[in-house]
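Beneath this line is the structure, given in structure tokens, with notes to follow.
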There are 2 protein chains.
Amino acid sequence: MVSIKDVARVAGVSDKTVSRVVNGEPNVTADTIEKVQLAIADLGYIPNLAARSIRSNRTNIIGIITDFISTTPYSGDIVRGVQDWAGANGRTVLLANTDGDPTRETNVWRTFKAHRIDGVLYVAMYHRVVVPAAGEVSIPTVLVNSHPEDGYVYPSIEPDDFGGSYALTEHLIALGHRRIGYIRLNPLLLGANQRLDAFLTAAQAGGIAESDLVIRLGMEGPVGRETNYVYREALDMLSMPDRPTALVCGNDEMALQAYLAALSLGLRVPDDITIVGFDDFRTVSLGLKPELTTVALPYYDLGWQGANMLDQLVHGKGSETERRILKCLVVARQSSARRGDATPRQAIGSF
Amino acid sequence: MVSIKDVARVAGVSDKTVSRVVNGEPNVTADTIEKVQLAIADLGYIPNLAARSIRSNRTNIIGIITDFISTTPYSGDIVRGVQDWAGANGRTVLLANTDGDPTRETNVWRTFKAHRIDGVLYVAMYHRVVVPAAGEVSIPTVLVNSHPEDGYVYPSIEPDDFGGSYALTEHLIALGHRRIGYIRLNPLLLGANQRLDAFLTAAQAGGIAESDLVIRLGMEGPVGRETNYVYREALDMLSMPDRPTALVCGNDEMALQAYLAALSLGLRVPDDITIVGFDDFRTVSLGLKPELTTVALPYYDLGWQGANMLDQLVHGKGSETERRILKCLVVARQSSARRGDATPRQAIGSF
DNA sequence: TTGTAGGCGTTATCAT
DNA sequence: ATGATAACGCCTACAA
């Protein structure tokens, strides 16, 4: 491997001078700079960041620790946001996945510490409460898409599930819907309760009686291995004589199953039934026909801004207790429509 | 930061002895080992890998370069496979995404070189032909889910799209289907042609006349921003008086749209129409009801085994020209069924 | 403006 | 079995 000394020899200067040129330090003549740069290009010299880091105590590496990367494909956007920030700011990203295993996680923290990375983004693939298993290791950390359990202190950046769900419910009310179904996410997810609370609050604020809300549980059990009731519940709810005119699903994957249930009953979306989701998981939300009205989660920004918060922290400028909440916007597409004035058609089909 | 010298001082030995203990080298008394380990635990010492690497010229870091990480969520499994291999073998993973931009990519190669990583896994999110833009930088590299363009030489590991598609077609023929529809992937994808070729070959081998095959283009245009004809084509094909009894979709996302088209025509899956996909993108394949018969792509293994190939290469044991092909298995679920003997019901509905 | 000496944390080499 | 010394590639501090 060609080192700074090789460059110095070829350029006929000292290694310190090469260092100066490489790092853009002042007090070097244009002439010298050129000589050095020529030698660098000639030899294909690329500085050794490891060597640099043992002097400077800064690696410019940030680590990402993820939990269940495979089960929630769309939140890969968080990682992409982090990467883009890193690329734009001269940092590199170390990645490690724990699969939710605390032993593995503790190893990851050790490994990251061994690499002397500047900071850690602790990324949950579902918005949830976490307790990082860092063991003895201490590295500046920001929680992304997650929140520390009571008694633990970390800065965090999270989506505004409540606000998104509230706005979505308002959207339905504005379209004239008065009888609304709701299929709940796995209650283990932080978003599940926030979204349901917002739904109930917004419905009440919109003057809808609680008896006009039909609420069903869509999933339960350990995250990643849950039992799924969505199709069955949707089928059941949509077969009611006084079925809702709009159906809110905990997320887009649930909305997919609601579509299938509705279609198999001979109901048309949105003419006979308005269906909305949450997440804007585009494979689903754009793959469905008609395209799905949903709430976009700011995954990419969670990553980008989370990286930014971490950077502040590393430089001693960030707050240890900040909890930043990012807006979730309603994306209105064709699956939601004004409630028809005609008598809705009765569900038919093979149920 | 506590260093090897601090440990040596506390343990009352030389730093080299500490190094021996840390690295499990022979010729240290059990007594000394204990003293040292005690001091290590006391001080919370964690070796500095950067410092180690400047002596040993090995970083135990492998880099992953991805292209379009966001658009194809399921292939995140490749990255997971790599990570799991790395975790199991004491390596760490540097991650960088190029978004398909050659300038960004060249920077990534430089950065990786600056970190003196041991090797690179060049991962395409779609199975396709690639030309790594490494510039002047040279690092041992294995192509994953991709293949070098003519004139370039890299070892690669790829899925057997042909074999998977062939087996899938055989599955349909075995179920008695004689008139089969096919919706093609974007022709830009390597898998698109391999899958279509296998379909045609298997159909011919199964004694099916070409006139009984209905082939339509589902997508075209630049990857990630393609124009989508799937829903329209499925609707059209399923409205034919002599419509196919089985429909093969280029991938699972296309199968989703085929489901919607079929259901909206009042057709039931699989009673009236068998639908199959490709990829086993589980959000879709398990989210669809009935669950989707499809072909599982070995993404995770692509990652794991790719990392393994790279490791061989790094140690001078691998082949520069190996092209490893991994099997794709048919996953038979409920969306494919024996062709009914009764006259199929005619499509109805609002088309 | 440029160079020299020394040190960062670690391991290789060679003594002891 | 253990240690002293030098070296890895780079940067800091200081001198010239």
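Proteins come first, then strands; the chains are lettered A, B, ... in the order of their sequence lines, and each starts at number 1.
- Each of A/Asn23 and B/Thr17 lies near DNA chain D, and the nucleotide nearest B/Thr17 is the one positioned closer to the 5' end.
- In this structure, A/Thr29 reaches the C/dT2 phosphate: one of its side-chain N or O atoms is under 4.0 Å from OP1 or OP2.
- Looking at which nucleotide of DNA chain D each of A/Val2 and B/Pro26 is closest to, the 5′-most match is held by B/Pro26.
- With D/dG9, C/dT4, D/dC11 as the choices, the nucleotide that has an atom nearest any side-chain atom of B/Ile54 turns out to be D/dG9.
- Within the structure, a side-chain polar atom (N or O) of A/Ser19 is placed less than 4.0 Å from OP1 or OP2 of D/dC11.
- Between A/Asp84 and B/Arg104 there is a salt bridge, since at least one side-chain N of the basic residue sits less than 4.0 Å from a carboxylate O of the acidic one.
- Checking C/dT2, D/dG9, D/dT2 against the side-chain heavy atoms of A/Ala51 singles out D/dG9 as nearest.
- Between the side chains of A/Thr17 and A/Ser14, at least one donor N or O lies within less than 3.5 Å of an accepting N or O.
- With salt bridges taken as basic N to acidic carboxylate O contacts below 4.0 Å, one links A/Arg323 and A/Glu158.
- The pair B/Asp311-B/Arg91 meets the salt-bridge criterion, with a side-chain N (NZ, NE, NH1 or NH2) lying under 4.0 Å from an Asp/Glu carboxylate O.
- Below the 3.5 angstrom threshold, one finds a donor paired with an acceptor across the side chain of A/Arg20 and the base of C/dG3.
- For A/Thr32 and C/dT2, the shortest distance from a side-chain N or O to OP1 or OP2 is below 4.0 Å.
- Put simply, CG on A/Asn57 is 13 Å from P on D/dC11, counting in whole angstrom units.
- Side-chain N/O atoms of A/Asn27 include one lying less than 4.0 angstrom from OP1 or OP2 on C/dT1.
- Under 3.5 Å, the side chain of B/Arg55 and the base of D/dA7 form at least one donor-acceptor pair of N or O atoms.
- Comparing C/dT10, D/dG3, D/dC11 by their nearest atom to the side chain of A/Asp15 picks out D/dC11.
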